[in-house]
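Structure, as structure tokens:
These figures come from a predicted structure and were not determined experimentally. Chain naming here is simple, since letters A, B, ... match the order of the sequence lines and numbering starts at 1 in each.
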Number of protein chains: 2
Amino acid sequence: MRSAPAVPNALRNLLPPVLLAAAAAVPLRKGERLFLQRQRPRHMYFVVSGEIVLERSGASGNAVVLQRVRHGFVAEASLHSASYHCDGLVTADGDAVALPLEALTGELARHPEFALRWIGMLNQEVRRLRGQCERLSLRGVGERLLHLIETEGDHGSLAVPHGLKSLATELAVSHEALYRAVATLEDEKVVVRDGGAISLRRAGS
Amino acid sequence: MRSAPAVPNALRNLLPPVLLAAAAAVPLRKGERLFLQRQRPRHMYFVVSGEIVLERSGASGNAVVLQRVRHGFVAEASLHSASYHCDGLVTADGDAVALPLEALTGELARHPEFALRWIGMLNQEVRRLRGQCERLSLRGVGERLLHLIETEGDHGSLAVPHGLKSLATELAVSHEALYRAVATLEDEKVVVRDGGAISLRRAGS
DNA sequence: CGTACTTTTGAATCGCATCAAATCTGGTGG
DNA sequence: CCACCAGATTTGATGCGATTCAAAAGTACG
């Protein structure tokens, strides 16, 4: 028996029954693109496992990573948009849930308390994005990494399940620079690497 | 008679009557701080004129500019927060409107169509922030500037009412670097400076 | 065992930050 | 009107840190 938790608890608590019924499980295959820039939005996704990267190809042709999502909503901002504003690229196998945007709009209009929860979710996203902007405003790879650990980490410990290389693109630095920064911070006894996690020495655990 | 447009049209179209009645005009004085990090949120603001900068003082003590607002909402993400996540510093005299958060929450719960409009506003903000992250991920001052003009500008023309210096902090580069980048782009016939605006030569106007 | 990937280290180069200083600007008061 | 000041603008020189190119070593997986 495949234990397929098509809809995780986070969604059960947020969405009304009608939407839960309309939710469809979507398998994520590395390399696949869930949606493309400029496409008309039809679904919103919730990543249960695996990884999706929102990326946008600039005029110069180089792809820029807007966001990595390992657990949470993707394309939630396309609710009333005429088109997706970025690509949804799967970078690690896993599972997601697709929600039809039409149904979502209808339920938001029908259930005020759901709309309020949705607004709360968006507020959280806005704050997270502000944090990312703040992080990217920092000079120095080390500072960015420490900021990430303090901001997104759990009690001074940041999970890095997919290696430092993918983390480097999120911090908008070369992977070499990140490796060197981590090594330096370890020498300085500021952080400790524990396999799939980086932790601050002070505070936290 | 002072023509005091306490509530601009953008707000009239968005907010229900009850909130418009609860809105209070707030004069903005340069140097003043509308709210402080970690304070309990009581109001949300809408900038009519002047400028407010959202800034956060990092652990290292250096202030980081999260956002400059010359027209639009400020602190909209603090709706259900226990505290503001940044300071609201006035950087240019002007006027704003203050909305009590309590009343806002109540109206959102009471009027689904208002909640939907609010969600639309938040979606726009999320996209704008993603754009800013994308911009900050770019290497090179010139690239960031061009991205800003293309993204936030009006038909390839970006208003710079407060000089390039404040723009530099928004792009997270030194003002010297920005001045040099602008000069270079002008030499290369890529942009034109027109007093308070920078415009692309190709496209746009 | 081989392939593909990440991790790691090295060396050269380039862009930006930084410090410094000169010029220009608008505004204020004499 | 002019002197003067505060701020923005501009140019120059220097150093550091990150990028880049390169290559080796480690690791996971079929």
Minimal non-hydrogen separation, R130(A) against A77(B), with atom names: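 What the structure gives for the nearest pair is NH1-CB, 4.5 Å.
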
Heavy-atom closest pair, residues L99(B) and L19(B):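 The answer is CD2-O, 3.7 Å.
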
Reference residue E55(B); test side chain to side chain donor-acceptor pair (under 3.5 Å); the match among Q37(B), Q67(B), R33(B):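 Filter result, single survivor: R33(B).
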
Charged N-O contact under 4.0 Å between R117(A) and E107(A):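 No, no charged N to carboxylate O under 4.0 Å.
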
E186(A)/R193(A) ion pair, N-O < 4.0 Å: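 Salt bridge flag = no for R193(A) with E186(A).
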
Helical bend (five base pairs per end, nearest 10°) for the helix from dC1(C)-dG30(D) to dG30(C)-dC1(D):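 Between the axes fitted at each end of the helix from dC1(C)-dG30(D) to dG30(C)-dC1(D) lies an angle of 40°.
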
Let me know the distance between [atom1] of [X] and [atom2] of [N], rounded to the nearest Å.
X       : N       : atom1 : atom2 : value
E143(B) : dC14(C) : CD    : C1'   : 14 Å
L138(A) : dC16(C) : CG    : C1'   : 16 Å
L171(B) : dA17(C) : CG    : P     : 11 Å

Over 12 foreign heavy atoms within 6.0 Å of CD, E102(A):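 Result for CD/E102(A): open.
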
Protein-to-nucleotide contact annotation, 5' to 3' order, nucleotides 5-23 of chain D [B base; S sugar-phosphate only; - none; under 4.0 Å, heavy atom]: ---SSBBBB----SSBBB-

Ring geometry between Y45(A) and F35(A) (parallel below 30°, tilted from 30 to 60°, perpendicular above 60°):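 It falls in the parallel class, under 30°.
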
Test item: D95(A) side-chain N/O and S49(A) main-chain N/O as donor-acceptor pair under 3.5 Å: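 Checked: no pair found.
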
